[in-house]
A.B. asks: 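Starting off with a structure, shown below.
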Amino acid sequence: MFRILMLGSGLFWTLTYLLIIRRGVLDKTYGMPLVALCANLSWEFIFSFVHPHPSIQRPVDIVWLALDVVILLQLLRYGPREFADLSRGIFYSAFGLALVTSFCSVLFISYEFNDLDGTYAAFGQNLLMSVLFIAMLYRRRSLRGQSTWIAVCKLVGTALASLAFYRYTAVAERSILLSFLFGAILVYDSIYLGLVLLLRRAAAATREPAAVQEHGGARAVIP
């Protein structure tokens, strides 16, 4: 059952990455918060090449890394316009610093917890990501780079992984921290999905007829 849940999680997270890339192309922006992307790239690189996962997980990590590189290219291209108050030099320097910090954090957390499977780092950065997606939505005040399906796939993908680890792994049985992370991620992912739905509804309302006027005894719709 653990393998089935993890395969489902992998599928939904792959869909999440593909949908983010597609939305980024359509909206000419990037769809993953900068720090979250740095953490993802770091985790995937470390557990693909520095401390590679065994069996089927390593190819999955490499596929995710390749997809995140595409999102990275979108960020490098469109990122400076999203931070118009920063010069390009400052933006790229901030990105480089965030990437180095993320890489060291993921690596050292794994060493500190003696966790070369990356479980603590994975769910820790997942919580960070869940919060940052909400922050990005608030900052942009629109669905640029985002969609309902991205929110759904992200929520389901992480929920399946959380359930798999909570029910079927020894590391989760003895960890209060992991149980907290599982619950907190679900809460924030649900909030994010709710906010996306609200924004979508608000955007749809603005496209509805703005007024209805009486004209010669008939109702004329004014767009």
Side-chain angles (χ1 to χ4, degrees), residues 1-3 5-10 12-14 16-17 20 32-69 71-72 75 92-136 154-192:
M1 192 62 185
F2 176 83
R3 185 178 294 273
L5 289 170
M6 291 303 295
L7 285 173
S9 174
F12 275 98
W13 261 107
T14 301
T16 301
Y17 290 138
I20 288 174
M32 185 177 293
L34 185 151
V35 174
L37 178 60
C38 289
N40 264 14
L41 288 166
S42 299
W43 190 92
E44 288 152 3
F45 183 86
I46 288 169
F47 295 104
S48 292
F49 302 110
V50 181
H51 296 291
H53 281 137
S55 185
I56 194 173
Q57 183 61 43
R58 189 187 183 204
V60 172
D61 295 341
I62 294 173
V63 170
W64 286 347
L65 178 61
L67 294 174
D68 268 336
V69 167
I71 299 173
L72 168 62
L75 180 141
Y92 291 129
S93 296
F95 166 74
L97 179 61
L99 186 59
V100 171
T101 303
S102 297
F103 185 90
C104 293
S105 297
V106 171
L107 189 63
F108 296 155
I109 286 172
S110 301
Y111 288 159
E112 182 73 18
F113 285 88
N114 192 27
D115 176 34
L116 295 186
D117 287 330
T119 303
Y120 286 96
F123 286 103
Q125 74 185 51
N126 229 303
L127 177 57
L128 173 68
M129 186 184 310
S130 298
V131 175
L132 290 176
F133 265 89
I134 295 173
M136 185 173 71
K154 189 166 76 69
L155 187 155
V156 175
T158 306
L160 290 175
S162 297
L163 180 60
F165 274 83
Y166 180 75
R167 290 291 304 273
Y168 300 106
T169 65
V171 64
E173 286 181 2
R174 61 175 183 267
S175 174
I176 298 175
L177 175 58
L178 285 176
S179 294
F180 164 75
L181 292 175
F182 300 153
I185 293 167
L186 181 60
V187 168
Y188 281 99
D189 279 352
S190 299
I191 292 172
Y192 175 66

A.B. asks: Hey, what do you get for OG (Ser105) to CG (Leu128), rounding to the nearest 0.5 Å?
C.D. replies: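 Here the rounded value is 10.0 Å.
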A.B. asks: Do you know which of Leu107, Val100, Thr101, Leu99 makes side-chain contact (heavy atoms from CB on, under 4.5 Å) with Phe103?
C.D. replies: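 Result: among Leu107, Val100, Thr101, Leu99, Leu107 is the only option passing the side-chain contact (heavy atoms from CB on, under 4.5 Å) with Phe103.
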A.B. asks: Evaluate the side-chain proximity of Tyr192 to Met129: yes if any heavy-atom separation is below 4.5 Å, no if none is.
C.D. replies: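 No, side chains not in contact.
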A.B. asks: Once you round to the nearest 0.5 Å, how far does CG of Leu181 lie from OG of Ser175?
C.D. replies: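 One gets 7.5 Å once the value is rounded to the nearest 0.5 Å.
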A.B. asks: Between atom CD of Glu173 and atom CZ of Arg167, what is the distance when rounded to the nearest 0.5 Å?
C.D. replies: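 Output value for this atom pair is 10.5 Å.
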A.B. asks: Here's a test for you: under side-chain contact (heavy atoms from CB on, under 4.5 Å), which of Asp68, Ile71, Val106, Ile46 qualifies with Leu41?
C.D. replies: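 The passing option is Asp68.
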A.B. asks: Take Leu72 and Phe95 through the side-chain contact (heavy atoms from CB on, under 4.5 Å) test and state the conclusion after the steps.
C.D. replies: CA-CA 10 Å; Leu72 168 62; Phe95 166 74; 3.2 Å; yes
A.B. asks: A quick test of your reading: do over 12 heavy atoms of other residues, nucleotides or ligands sit less than 6.0 Å from CZ of Phe2?
C.D. replies: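 Yes, CZ of Phe2 has more than 12 neighbouring heavy atoms, counting only those of other groups under 6.0 Å.
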A.B. asks: Decide yes or no for Val171 and Phe113: does some side-chain heavy atom of the first lie under 4.5 Å from some side-chain heavy atom of the second?
C.D. replies: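 They are not in contact (no side-chain heavy atoms under 4.5 Å apart), so the answer is no.
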A.B. asks: Apply side-chain contact (heavy atoms from CB on, under 4.5 Å) to the pair Arg3 and Ile56, showing each step before the final yes or no.
C.D. replies: CA-CA 10 Å; Arg3 185 178 294 273; Ile56 194 173; 4.0 Å; yes
A.B. asks: Looking at every non-hydrogen atom in both residues, tell me the closest pair between Phe47 and Asp117 and how far apart they are.
C.D. replies: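 Heavy-atom minimum between the residues: CE2-C, 3.8 Å.
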A.B. asks: Looking at Tyr188, I want to see if its OH is surrounded by more than 12 non-hydrogen atoms of other residues, nucleotides or ligands under 6.0 Å.
C.D. replies: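 Counting neighbours around OH of Tyr188, 12 or fewer heavy atoms of other residues, nucleotides or ligands fall under 6.0 Å, so no.
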A.B. asks: Output the distance between atom CE (Met32) and atom OH (Tyr17), rounded to the nearest 0.5 Å.
C.D. replies: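 It is 5.0 Å, given to the nearest 0.5 Å.
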A.B. asks: Less than 4.5 Å apart, side chain to side chain, heavy atoms only: is that true for Thr158 and Trp13?
C.D. replies: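 Of all side-chain heavy-atom pairs linking Trp13 with Thr158, at least one is under 4.5 Å.
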A.B. asks: If every non-hydrogen atom of Asp61 is compared with every non-hydrogen atom of Gln57, which pair is closest and at what distance?
C.D. replies: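 The answer is OD1-NE2, 2.7 Å.
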A.B. asks: Working to the nearest 0.5 Å, report the span between CG of Asp189 and CG of Leu127.
C.D. replies: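 It comes to 9.0 Å.
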A.B. asks: Below 30° counts as parallel, above 60° as perpendicular, anything between as tilted: where do the rings of Phe123 and Phe182 land?
C.D. replies: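 It falls in the perpendicular class, over 60°.
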A.B. asks: Looking at every heavy atom in both Met6 and Ala161, which two are closest together, and how far apart are they?
C.D. replies: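 For Met6 and Ala161, the tightest heavy-atom pair comes out as SD-CA, 4.0 Å.
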A.B. asks: Looking at Thr119 and Asp115, what are the two nearest heavy atoms and their distance?
C.D. replies: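 Shortest heavy-atom contact: N-OD2, 2.7 Å.
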A.B. asks: Any chance you could measure Leu155, atom CG, to Leu160, atom CG, to the nearest 0.5 Å?
C.D. replies: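 Spacing of CG (Leu155) from CG (Leu160) equals 9.5 Å.
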A.B. asks: Can you see which heavy atom on Ala36 is nearest to which on Leu132, and at what distance?
C.D. replies: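 Taking Ala36 first and Leu132 second, the nearest heavy atoms are N-CD1, 3.7 Å.
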A.B. asks: Looking only at non-hydrogen atoms, find the nearest pair between Ala121 and Ser110 and report the distance.
C.D. replies: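 Closest pair (atom of Ala121, atom of Ser110, distance): CB-OG, 4.1 Å.
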